[in-house]
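When reading the values below, keep in mind they use all heavy atoms of this one structure, side chains included, and skip hydrogens, waters and symmetry mates. All values derive from a computational prediction rather than experimental measurement.
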Amino acid sequence: MTIVSPHLGSSAEWTDARLLYALEEVVEKELNRHLTVAKDWMPHEYVPWTDGRNFPGLFEDGEAWEKDQSKVTEIGRIALVVNLLTEDNLPSYHHEIASLFGRDGAWGTWVHRWTAEEGRHGIVMRDYLLASRAVDPDKLEQFRMAHMSEGFESDNRHSMLHSVAYVAFQELATRISHRNTGHQSGDPVCDRMLARIATDENLHMVFYRNLLKAAFELAPDLTMQAVRDVVVNFRMPGHGMPGFERAAAQMAIGEVYNLRIHHDDVIQPVLRFLKIMEIDGLGPEGQQAQEELGLYMSGLDSEAAKFDEKLAARKARMAARAAG
């Protein structure tokens, strides 16, 4: 596809390679900003090690897992497993973005830094879950093996621009999921741990969001189409894990992550920051993508309103049962 960039003043065919090169300076700037504001932290400092004890196996004093050994709520337990299994597929994520973004220059430095920070999240979450006995360790490992054995391929692996657009939303979605899981967990230690992880995820979102803004300045039509495609077809990276649909439904009811949260706290903030609906000077395909995005967001808001009504009715029924 050929577009005219108002900043280049000439017709330019935007391949992935050209976009990677054109955005390199922005990546370096955002990487330096990230390294300035990001704070290193120690996973072991967020784990209640004194709560831990041996499980059955090599140890004669091993104690079998029971659900009542942990103060974590049921919805907290479900969401923690989903969030951790999502983090577990980091090798697949790294492979994909290293293939798309490259391993050289500022892009490569970011890929490795991001991977190292994300790896810390999986470490601290698993250590917390095992030390606090929040989940069945055998089932957790079985889920991990099943999930990682399938691997992960993003819906957006065909395009660097689509991938940047996707992670701008997905990193914010992950941050929101972690924070809400902490709030619903019933354990202040868990809440603090997930708040620390959420801080990292927010910084990752800012990096990709700012990169997406720069892409709009270079190739507005292509970027608008990429954002349209990503928003309309958005799926969390954990969608392939065992029992994900049921877990996602429970997390929706438990107000960890649902349609209203997705619309209000994830998609809308990024779209507002980018002022996507105010961008003008687009070509026909860019204009069409912008219009379709607006229509989709209107429909998503309507669906979220229906969900809100059902959730309110469910809460009312539960309150009535409790009172009776």
Side-chain angles (χ1 to χ4, degrees), residues 34-55 59 62-63 65-91 93-94 110 112-141 143-144 147-148 167 170-207 236-238 241 247 251 254-257 261 265:
H34 177 84
L35 295 175
T36 299
V37 298
K39 295 181 180 179
D40 276 336
W41 53 278
M42 303 298 129
H44 54 268
E45 294 179 356
Y46 288 82
V47 178
W49 297 106
T50 54
D51 291 349
R53 49 202 185 275
N54 292 335
F55 289 103
F59 304 100
E63 181 181 350
W65 180 82
E66 297 290 343
K67 185 178 289 189
D68 60 3
Q69 291 169 346
S70 170
K71 63 186 74 173
V72 172
T73 61
E74 182 63 19
I75 186 58
R77 183 177 293 112
I78 292 168
L80 280 163
V81 170
V82 169
N83 291 351
L84 175 57
L85 290 179
T86 299
E87 300 284 357
D88 276 336
N89 252 338
L90 183 60
Y93 308 151
H94 172 84
W110 167 254
H112 296 307
R113 173 72 189 199
W114 176 88
T115 302
E117 292 184 4
E118 290 290 343
R120 205 155 40 188
H121 302 166
I123 290 169
V124 71
M125 289 178 68
R126 176 165 280 99
D127 286 347
Y128 167 82
L129 290 175
L130 296 179
S132 67
R133 290 185 168 242
V135 301
D136 183 334
D138 292 345
K139 287 186 177 180
L140 182 64
E141 177 60 11
F143 284 155
R144 187 189 72 84
H147 188 42
M148 291 192 70
V167 288
Q170 184 268 323
E171 293 282 6
L172 182 53
T174 304
R175 170 205 165 194
I176 296 296
S177 181
H178 282 312
R179 284 304 287 127
N180 289 343
T181 298
H183 294 330
Q184 301 286 357
S185 69
D187 181 8
V189 175
C190 180
D191 194 20
R192 287 194 296 271
M193 172 194 66
L194 292 176
R196 177 60 262 184
I197 293 175
T199 299
D200 282 0
E201 302 289 10
N202 193 64
L203 292 178
H204 297 164
M205 178 276 293
V206 170
F207 178 94
M236 290 293 275
M241 70 180 59
M251 290 168 66
E255 297 181 88
V256 171
Y257 199 95
I261 292 169
D265 300 335

K.L.:
Nearest 0.5 Å, please: how far is CZ in Arg179 from CG in Asp191?
P.N.:
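Here the interatomic distance stands at 5.0 Å.
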K.L.:
In Å and rounded to the nearest 0.5 Å, what is the CG to CG distance from Leu130 to Leu140?
P.N.:
6.5 Å
K.L.:
Trp114 vs Leu203, test: side chain to side chain contact (heavy atoms under 4.5 Å, CB included). Steps then yes/no.
P.N.:
CA-CA 10 Å; Trp114 176 88; Leu203 292 178; over 6 Å; no
K.L.:
When rounded to the nearest 0.5 angstrom, what is the spacing between CG in Leu80 and OG in Ser185?
P.N.:
7.0 Å
K.L.:
Looking only at heavy atoms, which two atoms of Ala131 and Val47 are closest? And how far apart?
P.N.:
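Taking Ala131 first and Val47 second, the nearest heavy atoms are CB-CG1, 3.7 Å.
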K.L.:
Are Asn89 and His147 linked by a side-chain donor-acceptor pair shorter than 3.5 Å?
P.N.:
yes
K.L.:
Between the main-chain N or O of Gly52 and the side-chain N or O of Ser132, is there a donor-acceptor pair closer than 3.5 Å?
P.N.:
no
K.L.:
Drop me the distance from Ile75's CD1 to Arg77's CZ, to the nearest 0.5 angstrom.
P.N.:
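So the gap between those two atoms works out to 11.0 Å.
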K.L.:
Between Met241 and Thr86, which heavy-atom pair has the shortest distance, and what is it?
P.N.:
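Distance-wise, the nearest heavy atoms are CE-OG1, 3.5 Å.
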K.L.:
Can you name the nearest heavy-atom pair linking Leu84 to Gly122, along with the distance?
P.N.:
CD1-O, 3.7 Å
K.L.:
Between Glu74 and Lys67, is the closest basic N to carboxylate O distance under 4.0 Å?
P.N.:
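A salt bridge is present here (some side-chain N lies under 4.0 Å from a carboxylate O).
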K.L.:
Determine, using ring centers only, whether Phe55 and Trp65 are less than 6.0 Å apart.
P.N.:
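Ring-ring flag for Trp65/Phe55: false, centres at least 6.0 Å apart.
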K.L.:
So Glu255 and His183, do their side chains get closer than 4.5 Å, heavy atoms only?
P.N.:
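No - every pair of side-chain heavy atoms lies 4.5 Å or more apart.
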K.L.:
Could you walk me through whether His204 and Glu118 pass the side-chain hydrogen bond (donor to acceptor under 3.5 Å, both in side chains) check?
P.N.:
CA-CA 10 Å; His204 297 164; Glu118 290 290 343; 3.0 Å; yes
K.L.:
If you round to the nearest 0.5 Å, how far is CG of Asp136 from CD of Glu66?
P.N.:
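The distance works out to 9.0 Å.
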K.L.:
If I compare all heavy atoms of Met193 with all of Met125, which pair ends up nearest, and what's the gap?
P.N.:
SD-CA, 4.0 Å
K.L.:
Indicate yes or no: at least one non-hydrogen side-chain atom of Glu117 is less than 4.5 angstrom from one of His34.
P.N.:
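Sidechains of His34 and Glu117: in contact.
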K.L.:
With the side chain counted from C-beta on, respond yes when Arg126 and Arg144 share a heavy-atom pair under 4.5 Å apart, and no when they do not.
P.N.:
yes
K.L.:
Test side chain to side chain contact (heavy atoms under 4.5 Å, CB included) on Glu45 and Val124 and set out the steps.
P.N.:
CA-CA 9 Å; Glu45 294 179 356; Val124 71; over 6 Å; no
K.L.:
Are the side chains of Trp110 and Leu35 in contact, using a 4.5 Å heavy-atom criterion?
P.N.:
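No, every pair of side-chain atoms sits at 4.5 Å or beyond.
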K.L.:
Report the C-alpha distance between Trp49 and Asp127 in whole Å, list the side-chain angles of each, state the deciding distance to 0.1 Å, and finish with yes or no for side chain to side chain contact (heavy atoms under 4.5 Å, CB included).
P.N.:
CA-CA 9 Å; Trp49 297 106; Asp127 286 347; 3.7 Å; yes
K.L.:
Classify the angle between the aromatic ring planes of Trp41 and His121 as parallel (below 30°), tilted (30 to 60°) or perpendicular (above 60°).
P.N.:
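Plane angle under 30°, so parallel.
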K.L.:
Does any non-hydrogen side-chain atom of Asp51 lie less than 4.5 Å from one of Arg133?
P.N.:
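They are not in contact (no side-chain heavy atoms under 4.5 Å apart), so the answer is no.
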K.L.:
Check whether any side-chain heavy atom of Tyr93 lies under 4.5 Å from a side-chain heavy atom of Thr115, and answer yes or no.
P.N.:
no
K.L.:
Which of these, Ile176, Ile261, Asn180, sits in a side chain to side chain contact (heavy atoms under 4.5 Å, CB included) with Val256?
P.N.:
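Among the candidates, only Asn180 passes.
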K.L.:
With rounding to the nearest 0.5 Å, note down the distance linking CD in Glu201 to CG in Leu194.
P.N.:
10.5 Å
K.L.:
Thinking salt bridges, do Arg113 and Asp40 make one under a 4.0 Å N-O criterion?
P.N.:
yes
K.L.:
Show the nearest heavy-atom pair for residues Asn83 and Ser177, with the distance to one decimal.
P.N.:
OD1-OG, 3.1 Å
K.L.:
Taking Asp200 first and then Arg175, would you say they form a salt bridge - that is, a charged N and a carboxylate O separated by under 4.0 Å?
P.N.:
no
K.L.:
Tell me, do Gln69 and Glu63 make a side-chain contact under 4.5 Å, heavy atoms counted?
P.N.:
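Yes, close enough: below the 4.5 Å cut-off.
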K.L.:
Answer whether the closest heavy-atom distance between the side chains of Phe207 and Glu171 falls below 4.5 Å.
P.N.:
no
K.L.:
Show the nearest heavy-atom pair for residues Arg196 and Lys39, with the distance to one decimal.
P.N.:
NH2-O, 4.1 Å
